[in-house]
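Have a look at the structure below, then the notes.
Counting convention: from 1, in listed order, for ligands and their atoms alike.
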Amino acid sequence: MTPTIGVFALQGDVGEHLRVLTDLGARAIGVRRVAELDQCDGLVIPGGESTTMSKLARTFDLFEPIRQRIKEGMPAFGTCAGMIMLADRVEDGAPDQETLGGLDVTVRRNAFGRQVDSFEDDLRFAGLDGPVHAVFIRAPWVEDAGPGVDVLARVGRGPAAGRIVAVRQGSLLATSFHPEVDGGDDRIHRLFVDHVVAAGTRTHAET
Ligand code: GLN
């Protein structure tokens, strides 16, 4: 089965995700409308600006439909701002900041930004052999994770050492960093694509 994987495309680094997913053999489509969401077996929420993403998702009537699909078990993968979008709780968010939720975590927005705007590290990542090169750009970290959440990676060095930066809970995967950027690592997208395939066929197919 060739999975159809959507990339939330109202804001953020959409093109990079589409490229990596296409290179891995998925049918990758930008999602701006419900009709596109309906075709998706899984959804990537990219890096960008989480407050803007929430507002645009509301404006374009995508917010509740995505939330509903996530509740129904559609696999989703959030990177950076996308991680914030999938988190149930946000520290240092904008006053009216809304998230899609689903991941039982508290994320701290712009957590690294207090020390440095961007930061790179080679991380140990559960389930992958060899380090993952991680690029953090005004990234969040996971301040606190509920008991059902698997921690996949933590920062290895520097002032943020030990901070949780990759998690998985059921169908939801999230990284604080950007595996989609140049010099990133496609193995995490591969994990997600495999997960989408294993999760089975789409429930809302229109095509
Ligand atoms: N700081 C951004 C936010 O709060 C996330 C940055 C990113 O996605 N690179 O949404």
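Between the side chains of His133 and Asp185, no donor-acceptor pair of N or O atoms lies under 3.5 Å. A side-chain donor from one of Ser50 and Gln97 sits under 3.5 Å from a side-chain acceptor of the other. At a cut-off of 3.5 Å, with distance as the only test, no side-chain donor of Gln68 or Glu64 sits close to an acceptor on the other residue. When only modelled atom types and interatomic distance are considered, Arg27 and Thr4 share a side-chain donor-acceptor pair under 3.5 Å.
Using a 4.0 Å cut-off between a side-chain N of Lys or Arg and a carboxylate O of Asp or Glu, Lys55 and Glu49 do not qualify as a salt bridge. Salt bridge status for Asp104 with Arg89: present, with a side-chain N to carboxylate O gap under 4.0 Å.
Of the polar atoms of His178, at least one N or O is found under 3.5 Å from an N or O of ligand 1, judged by distance alone. For a threshold of 3.5 Å applied to N or O pairs, the pair formed by Ala139 and ligand 1 contains no separation below that value.
Across the listed options Gly47, Gly48, Gly12, Gly48 owns the non-hydrogen atom lying nearest to atom 5 (C) of ligand 1.
Of the protein's non-hydrogen atoms, Ser50 N, 2.5 Å is the one closest to atom 10 (O) of ligand 1. Of the protein's non-hydrogen atoms, Asn110 OD1, 2.6 Å is the one closest to atom 1 (N) of ligand 1. Looking from atom 7 (C) of ligand 1 to the surrounding protein, the closest heavy atom is Cys80 SG, 2.8 Å.
When each atom of ligand 1 is checked for a heavy atom of Ile84 under 4.0 Å away, the hits are 3 (C), 4 (O), 10 (O). The distance from ligand 1 to the heavy atoms of Arg109 drops below 4.0 Å at these ligand atoms: 3 (C), 4 (O).
Classification of the His189-His17 ring pair by plane angle, with boundaries at 30° and 60°, yields tilted.
Residue Met53 places every heavy atom at 4.0 Å or more from ligand 1.
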